[in-house]
A.B. asks: 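Below you will find the structure I want to go over with you.
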Number of protein chains: 2
Amino acid sequence: MAYDSVIDLKQLKVACENCRLGEICLPRGLAQEEMVKLDNIVSRGRPLVKGDALYRQGDKLDSFYAVHSGSLRSYTVTQDGTEQTLGFYFPGELVGLDGLENSIHSCTTEALETTSICELPYNNLQNLSAQLPSLQHQIMRLLGKELSGDHDVLLLLGKRSVEERLAAFILSLSKRFSERGFSSTEFNLSMSRHDISNFLGVAVETISRQFSNFDKDGVLQVKYRFVKILDMNKLEEIVIPCKKSSDIKEKQTGT
Amino acid sequence: MAYDSVIDLKQLKVACENCRLGEICLPRGLAQEEMVKLDNIVSRGRPLVKGDALYRQGDKLDSFYAVHSGSLRSYTVTQDGTEQTLGFYFPGELVGLDGLENSIHSCTTEALETTSICELPYNNLQNLSAQLPSLQHQIMRLLGKELSGDHDVLLLLGKRSVEERLAAFILSLSKRFSERGFSSTEFNLSMSRHDISNFLGVAVETISRQFSNFDKDGVLQVKYRFVKILDMNKLEEIVIPCKKSSDIKEKQTGT
DNA sequence: CGCCGCTTTGAAGGCCTTCAATTGATGTGG
DNA sequence: CCACATCAATTGAAGGCCTTCAAAGCGGCG
C-alpha cells in the first residue's frame with residue numbers, strides 16, 4: 001500500500017519529486033526548483049493507525065495535509081451527538097482546508113486505516129505561494145476541487161434516491177482508485193457501512209439493502225468490505241440523471 | 001437598498017474605502033494604501049435585474065464577484081433537468097468561487113432582485129494578492145467561509161427534519177441581515193418558496209406547510225415574501241441539536 | 001381589470017426509517 | 001488453535017415523514 005519505503009521516524013524530510021503522487025497532488029505543474037522549495041516545508045510524521053485523528057473539531061488550523069497513503073474520513077459532531085460525515089480522502093488529496101474562515105477546524109479527520117500524511121505548515125505554505133504563482137494556483141485549484149466535491153454531494157443529498165446516491169459513491173471511489181493506478185472494478189472499502197450511510201444521509205440498513213439489490217441485479221458483487229463491479233455501464237446509467245448538465249462529455253451518440 | 005448613489009453606467013471605477021460593506025467584504029483588514037490598489041482592479045457594471053445571470057454553468061471563470069446590493073441564487077442543473085440550489089448571496093459576500101478547479105463554472109448564479117455587483121478579475125486579483133499578504137489571507141478566509149457554509153448545509157441535508165432545516169435557514173437569513181444593519185426580526189425574502197425548498201432538499205409544499213406550522217405555533221408570522229420572527233428563542237432552540245458541538249458559545253448556564 | 005404564476009391546503013401513497021433479531025467477521029484469552 | 005465475546009452487516013416487518021397529485025386562494029404584472 002505504501003508508495004515508497006516504510007517511514008516511521010519522528011519527523012522526516014520528504015521529497016515530492018520522488019513521490020509518484022506528484023501529478024495528482026499539490027506539486028503538479030511545479031518546476032524542479034520550485035518543488036525543492038516545497039520539499040523544504042513538507043515533513044512526514046509517524047503514520048496514523050486506524051482511528052487516529054489527524055486533527056479534531058475545535059483545533060487550531062496549523063497545517064494543510066496531503067494524504068500519502070491510506071485513507072481518512074472527516075466529520076462533524078453536532079450538539080445532539082449526531083455525526084455527519086463530510087468526506088473521504090485518498091492519496092494525493094489535500095486535507096484540512098476546513099476552518100480556513102476563522103483558523104479553527106470545524107470538523108474532525110480520522111484515519112480509516114494505517115495512513116501516512118505529509119504535513120504542510122499553513123504559514124510556510126502561504127509565504128511560499130506568494131513567491132510561486134504556480135503553487136498558489138495549485139492551492140486554489142485544490143480548494144476549488146474541495147468546493148466542487150461538496151457541491152456534488154449537495155446534489156446527491158438534495159433529492160436523489162438511495163440507488164443513485166450509492167451508485168454515485170461507488171463510481172467516485174472507482175474513479176479515484178483508477179486515477180491512482182489501482183483497479184477501477186475491484187477494491188476494498190476502507191470505510192464501514194455506517195460511514196457510507198452517514199455520508200450519504202440515509203440509514204445503515206438502507207445502504208445494506210441497496211448493496212444487496214445491486215448484488216441481486218448483477219451490477220456488483222459485494223462481500224463486507226470487498227466490492228467487485230460487474231456492470232460498470234449500468235452503474236453509470238444510474239447516475240446519469242444526477243450529473244451536471246455541463247459535464248456532458250463523449251458518449252453522446254444522438255443529437 | 002443601494003448602499004451609495006445609484007450607478008448604471010457601463011463600467012465604473014469603485015472605491016472600496018467608501019463602501020460601508022468594507023468590514024464584511026474582501027477589503028476587511030486592508031490598509032488604506034492596499035485598498036487603493038484593490039480599487040484599481042475592481043469595477044462595477046450595470047446592475048443585474050431579477051433573473052439575470054451573473055455567469056452560467058459551463059462559462060469560463062474570469063472573475064470573482066462581490067455583491068454590493070441585492071441578492072443572488074446559485075444552482076446547478078443536472079442531466080435530467082433537476083435544479084439544485086447551492087446557496088444564496090447577500091451584500092459583502094464573494095460569488096463565483098465555484099469552478100476554481102478547472103476554471104469552468106459548475107453552476108449558474110442569478111439575481112433574485114435588482115442587484116449590483118463589483119467585479120474582481122481573477123488574474124489581477126491573483127497578482128495583487130501575491131503582493132499583499134493580507135489580501136491573500138482575506139481571499140482564503142472567504143473561500144473557507146464558502147466551504148464552511150457548504151458543510152453547514154450538508155449537516156442539514158444529512159438527517160435533519162424539515163422543521164430544523166427551515167428554522168436554520170430563517171436564522172441564517174436573520175443573522176446575515178442583522179450583520180448588514182437590517183432588522184434581524186423582520187425582512188422580505190428575495191427567494192421563492194421553490195428556491196427555499198430546493199435549497200433545503202424538500203418539496204415546495206412541505207416548506208409551505210412548515211411555514212404554516214411556525215405561524216400557528218407563534219414562532220413567526222409569514223405572509224408571502226414577508227417574514228416577522230416572533231419568538232427568536234424558540235427558533236434557536238429548534239436548531240440547537242443541528243449546531244456543531246464546537247460552536248458552543250455563551251448561553252451555557254448548566255454544566 | 002383579468003390572467004398567470006406563486007403559495008397554500010388537503011388527501012393518498014411511497015420510500016426510507018426505526019425496531020428487532022439473525023448471521024457473519026474480528027480479536028482476545030485460555 | 002479454538003471458544004467465546006464483541007462488533008459489523010444483513011434481513012424482516014411496521015410505521016412515519018415527506019412526496020406527489022390535486023385544487024383552491026391570493027398577488028403581481030401587463
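Numbers restart at 1 for each chain; the letters A, B, ... are given by sequence-line order, proteins then strands.
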A.B. asks: Need to verify one output field. Residue with the more 5' nearest nucleotide on DNA chain D, A:Ser212 or B:Val202?
C.D. replies: A:Ser212
A.B. asks: Nearest-Å distance, CD (B:Glu205) to P (D:dA24)?
C.D. replies: 16 Å
A.B. asks: Starting from P on C:dG14, measure out to CD on A:Glu163 and report it in whole angstrom.
C.D. replies: 18 Å
A.B. asks: Report yes if at least one side-chain N or O of A:Lys159 is closer than 4.0 Å to OP1 or OP2 of D:dT19; otherwise report no.
C.D. replies: yes
A.B. asks: Send over the distance from B:Arg160 CZ to D:dC17 P, rounded to a whole Å.
C.D. replies: 15 Å
A.B. asks: Give one of base, sugar-phosphate or nothing for A:Ser208, where a contact means two heavy atoms less than 4.0 Å apart.
C.D. replies: base
A.B. asks: Verify the ring-centre separation between B:Phe182 and B:Phe187: is it less than 6.0 angstrom?
C.D. replies: no
A.B. asks: Between B:Asp215 and B:Lys223, does at least one N-O distance fall below 4.0 Å, as a salt bridge requires?
C.D. replies: no
A.B. asks: Classify the nucleic acid contact of B:Arg225 as base, sugar-phosphate or nothing, counting any heavy atom under 4.0 Å across all strands shown.
C.D. replies: sugar-phosphate
A.B. asks: B:Arg193 has an atom CZ; how far is it from atom P of D:dC26, in whole Å?
C.D. replies: 15 Å
A.B. asks: Classify the ring geometry of B:Tyr65 against B:Tyr55: parallel below 30°, tilted from 30° to 60°, perpendicular beyond 60°.
C.D. replies: parallel
A.B. asks: NZ of B:Lys223 versus P of C:dC6: gap in Å, rounded?
C.D. replies: 19 Å
A.B. asks: Can you check the B:Met191 CE to C:dG5 P distance for me, whole Å?
C.D. replies: 22 Å
A.B. asks: Reckon B:Thr206 touches a base, only the sugar-phosphate, or nothing at all at heavy-atom distances under 4.0 Å?
C.D. replies: base
A.B. asks: Please confirm whether the shortest side-chain N or O distance from B:Arg209 to OP1 or OP2 of D:dC18 is below 4.0 Å.
C.D. replies: no
A.B. asks: Should the side chain of A:Gln210 and the base of C:dC16 be counted as holding a donor-acceptor pair, with the cut-off at 3.5 Å?
C.D. replies: no
A.B. asks: Can you work out whether A:Val162 or B:His194 has the more 5'-proximal nearest nucleotide on DNA chain C?
C.D. replies: B:His194
A.B. asks: Which residue, A:Lys244, A:Lys243, A:Arg160, forms the side-chain hydrogen bond (donor to acceptor under 3.5 Å, both in side chains) with B:Thr78?
C.D. replies: A:Arg160
